[in-house]
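Everything numeric in this text was worked out from a predicted model, so none of it was measured. Heavy atoms only: backbone and side chains are in, while hydrogens, waters and symmetry mates are out. Starting from 1, each residue takes its place in the sequence as its number. In each ligand, atom 1 is the first atom listed, and ligand 1 is the first ligand listed.
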Amino acid sequence: MDNHSIINVDLGDRSYEIRVGTDLLDQAGTHLAPLLAEHGDARRVIIVTDTNVAEIYLARLETALDAAAIGHHAVVLDPGEHTKDFPHLAQLLDDLLDQGLERGSMLVALGGGVIGDITGFAAAIALRGIDFVQIPTTLLAQVDSSVGGKTGINTRHGKNLVGAFHQPRIVLADIGTLATLPQRELLAGYAEVVKYGVINDSGFFGWLEQHGADLISGDDAARTEAVAVSCRAKAAIVSADEHEHGARALLNLGHTFGHAMEAECGFSDTLLHGEAVALGMVLALQLSEQIGLCGPGRADRLARHLAAVGLPASPADYGFSADALIGHMHHDKKVRGGTITFILAEDIGKAVIKRGVALEAVHDVIAASLRG
Ligand code: NAD
Ligand code: GLY
C-alpha cells in the first residue's frame, strides 16, 4: 500500500498530500477514512463524476468505500466542457442539498479537469465551504488541474471566469486509470507535463525526450515518474504563491498564445486545451528568440519533441490569422492596464514573466509560424 510517491503541498493548515501510484482507486477508502474521522461521525461522501468515467471506474470506487464502511452517493454529470457552466452548477448544488449535505460532508471529484473544477467550486460555495478530494483520471488533471485549488466554471464571457481558490484535502492520482484514456486526451495532458520541463527543469525535459514515447505508449513506471515530477513542480510553485501574485503565473507558459487559438476555434474539439498549450509553448520560445531573450534552437528543440510524440507543434494547419489571435490576447484574464503579460524563457528550464513585449514582435512571430 505504500508504494506511492507522496508529494506535500505546504499551505499551513490547508496543506495536503498528493499520492501518485497504480492502485489508489481501490485504496480510496483507506485514504479518505482519516479525513472523514475529523468530522466526527459523518462517514459518508458524495462522489461527483461524468458518465464516461462512471461507466469505467465508479463501481470500483464504491467498492473501495464500502470496504472502509464509508457511505456514498453518486451524482453523474454529462461529460465535456459544456458541463462547466451555471446551469450545471445550480443543478449539482441542488442534487447535493437533496442528499442532505452538511458542513461535515465531503465531495469526491472522480474524473478529469471538468469534474474537478466544477466539483471543487461546488465544494467552495455549498454551505459556505465544505471539504473535497480529487481523484483525477486524465493526465491533464493528474499533473495540473487537481493540484493547487483553482476551481470554477465558464461564462459566456470566457473560460474559468467565475471560481474560487479552494484546496482539496488529498489528491489520489491513480496512474492505472490512464489506461482507458483516449490517446488524444493523453497527448493533450502530456503537453502540460512537458511544460514543467520548460518552466524550470531542463533535466526533466531531457528525461522526457528519452522516455516520453514510453509514457505515451503505456509504461506505468514512466507515467508514475512523470506525474510525480510534475506534481512536485506544481506543488512547489503553489506552496510559494497560492493566489498567483507572482511565480504561479509561470504555470501559464504557452497559455496566452494557446488561449487565443482555443478562442479562435470556439473552444471546440478542433483544438484541445493541451494541444493549444503545446502550440503556445513553441510560439513563446520563438518569441523569446525573436526578442533576444534566449539563444536560437530552443523552439525547434521543443517543437521536435512535441511532434515526435504526436502533438501538434505548428499552428500553420489551423487557418488562423495573426490579427485575430492578437485580438483575443487583449481579452485575456492576464491583461493588466492594456499590457499583455507573456511567460517567455531564457532557455529550456528557465521561464520568466515578461511585461511590455512589443506587439510588433508578437505579430511577426505568429505570422511567421502561420506560414509554416
Ligand atoms: P475532461 O475532464 O473533459 O476529460 C476529457 C475526457 O476524458 C472526457 O470526455 C472524460 O469523460 C474522459 N475521461 C476522463 N477520464 C477518463 C479515463 N480515465 N478513461 C476514459 N475517459 C476518461 O478534460 P481534462 O482535459 O481532464 O480537463 C480540462 C479542464 O480542466 C478544462 O475545463 C480546463 O479549464 C480545466 N483546467 C483546470 C486547471 C486548474 O488549475 N483548475 C488547470 C488546467 C485545466
Ligand atoms: N493551471 C495553472 C494554475 O494552476 O495556476
Visitor: For atom 5 (O) of ligand 2, grab the closest protein heavy atom and report residue, atom and distance to one decimal in Å.
Guide: Arg248 NE, 2.7 Å
Visitor: Taking the ring centre of each residue, are His305 and Tyr190 less than 6.0 Å apart?
Guide: yes
Visitor: Looking only at protein heavy atoms, identify the closest one to atom 21 (N) of ligand 1 and say how far it is in Å.
Guide: Pro182 CD, 3.9 Å
Visitor: Check each atom of ligand 1 against the heavy atoms of Asp50 and keep those under 4.0 Å away; list them by number with element.
Guide: 10 (C), 11 (O)
Visitor: Heavy-atom distance to atom 15 (N) of ligand 1: which of Thr137, Thr151, Leu186, Asn252 wins?
Guide: Thr137
Visitor: Counting non-hydrogen protein atoms only, what is the nearest one to atom 43 (C) of ligand 1? Give residue, atom name and distance.
Guide: Asp144 OD2, 3.5 Å
Visitor: Are more than 12 heavy atoms from other residues, nucleotides or ligands located less than 6.0 Å from atom CD of Glu55?
Guide: no
Visitor: Walk me through it: do His330 and Leu359 pass the test side-chain contact (heavy atoms from CB on, under 4.5 Å)?
Guide: CA-CA 11 Å; His330 282 292; Leu359 276 185; 3.6 Å; yes
Visitor: Centres of the Phe257 and Phe342 rings: under 6.0 Å?
Guide: yes
Visitor: Which of the numbered atoms in ligand 1 are below 4.0 angstrom from a heavy atom of Asn160?
Guide: 34 (O)
Visitor: Go through the steps for Asp323 and His363 under the test side-chain contact (heavy atoms from CB on, under 4.5 Å), then give the verdict.
Guide: CA-CA 7 Å; Asp323 287 337; His363 190 282; 3.0 Å; yes
Visitor: If you look only at pairs with a residue in residues 67-80, which of them pass as a side chain to side chain donor-acceptor pair (under 3.5 Å), with sequence neighbours excluded?
Guide: Asp66-His72, His73-Gln99
Visitor: Using ring-ring contact (aromatic ring centres under 6.0 Å, His included) as the criterion, list what pairs up with Phe320, not counting sequence neighbours.
Guide: Tyr318
Visitor: Arg169 vs Glu38, test: salt bridge (Lys or Arg N to Asp or Glu O under 4.0 Å). Steps then yes/no.
Guide: CA-CA 11 Å; Arg169 296 297 315 279; Glu38 294 171 19; 3.0 Å; yes
Visitor: To the nearest 0.1 Å, how far is atom 1 (N) of ligand 2 from its closest protein heavy atom, and which atom is that?
Guide: Asp144 OD1, 3.0 Å
Visitor: Just verifying a value: how many Å separate Asp117 CG and Thr83 OG1, rounded to the nearest 0.5 Å?
Guide: 12.0 Å
Visitor: Check this for me - ligand 1, Val114, N or O atoms closer than 3.5 angstrom, yes or no?
Guide: yes
Visitor: For ligand 2, is there an atom lying under 4.0 Å from some heavy atom of Lys234?
Guide: yes
Visitor: Please could you name the atoms of ligand 1 that Glu185 approaches to less than 4.0 Å, counting only its heavy atoms?
Guide: 5 (C), 6 (C)
Visitor: If you measure every N or O of Lys150 against every N or O of ligand 2, does any of those distances drop under 3.5 Å?
Guide: yes
Visitor: Quick check: Arg248 and ligand 1, any N/O pair under 3.5 Å apart?
Guide: no
Visitor: State the atoms of ligand 1, each with its element, that fall below the 4.0 Å cut-off from a heavy-atom position in Asn52.
Guide: 9 (O), 10 (C), 11 (O)
Visitor: Just distances here: any N/O of Gly113 and N/O of ligand 1 closer than 3.5 Å?
Guide: yes
Visitor: By the definition side-chain hydrogen bond (donor to acceptor under 3.5 Å, both in side chains), identify the one residue from Glu242, His166, Gln167 that meets it with Arg14.
Guide: Glu242
Visitor: Counting only heavy atoms closer than 4.0 Å, does ligand 2 sit against the backbone of Val147, its side chain, both, or neither?
Guide: neither
Visitor: With heavy atoms only and a cut-off of under 4.0 Å, state how Leu178 meets ligand 1: side chain, backbone, both or neither.
Guide: neither
Visitor: Checking the side chain of Asp174 only, and the main-chain atoms of Leu25 only, is there a donor and an acceptor separated by less than 3.5 Å?
Guide: yes
Visitor: Counting non-hydrogen protein atoms only, what is the nearest one to atom 19 (N) of ligand 1? Give residue, atom name and distance.
Guide: Thr180 OG1, 2.8 Å
Visitor: Atom 38 (C) of ligand 1: which protein heavy atom is closest, and how many Å away?
Guide: Ser145 CB, 3.2 Å
Visitor: Which atoms of ligand 1 sit under 4.0 Å from any heavy atom of Lys234?
Guide: 40 (O)
Visitor: Please could you name the atoms of ligand 1 that Lys84 approaches to less than 4.0 Å, counting only its heavy atoms?
Guide: 31 (C), 32 (O), 33 (C), 34 (O), 35 (C)
Visitor: Salt bridge (Lys or Arg N to Asp or Glu O under 4.0 Å) between Arg156 and Asp85: does it pass, once the steps are laid out?
Guide: CA-CA 9 Å; Arg156 69 182 172 80; Asp85 67 1; over 6 Å; no
Visitor: I need the contact type for Glu81 against ligand 1. Using non-hydrogen atoms and a strict under-4.0 Å cut-off, is it side chain, backbone, both or neither?
Guide: side chain
Visitor: Tell me whether Asp117 has any N or O atom under 3.5 angstrom from an N or O of ligand 1.
Guide: yes
Visitor: Taking the ring of His273 and the ring of His259, is the distance between their centroids below 6.0 Å?
Guide: no
Visitor: State plainly whether the residues Glu209 and Arg304 are in salt-bridge range, i.e. N to O under 4.0 Å.
Guide: no
Visitor: Going by the atom numbers of ligand 1, which of them fall below 4.0 Å from some non-hydrogen atom of Thr177?
Guide: 17 (C), 18 (N)
Visitor: Among all the protein's non-hydrogen atoms, which is closest to atom 44 (C) of ligand 1, and how far away is it?
Guide: Leu140 CD2, 3.6 Å
Visitor: Judging by distance only, is a nitrogen or oxygen of Asn252 under 3.5 angstrom from one on ligand 2?
Guide: no
Visitor: How far is atom 22 (C) of ligand 1 from its nearest protein heavy atom, and which residue and atom name does that atom have?
Guide: Leu181 CD1, 3.7 Å
Visitor: Hey, which atoms in ligand 1 end up nearer than 4.0 Å to a heavy atom of Thr138?
Guide: 4 (O), 14 (C), 15 (N), 24 (P), 26 (O)
Visitor: Counting only heavy atoms closer than 4.0 Å, does ligand 1 sit against the backbone of Pro79, its side chain, both, or neither?
Guide: side chain
Visitor: Would you please indicate yes or no on a ring centroid separation below 6.0 angstrom for His243 and Phe165?
Guide: yes
Visitor: Is any NZ, NE, NH1 or NH2 atom of the basic residue among Asp269 and Arg184 found under 4.0 Å from an Asp or Glu carboxylate oxygen of the other?
Guide: no
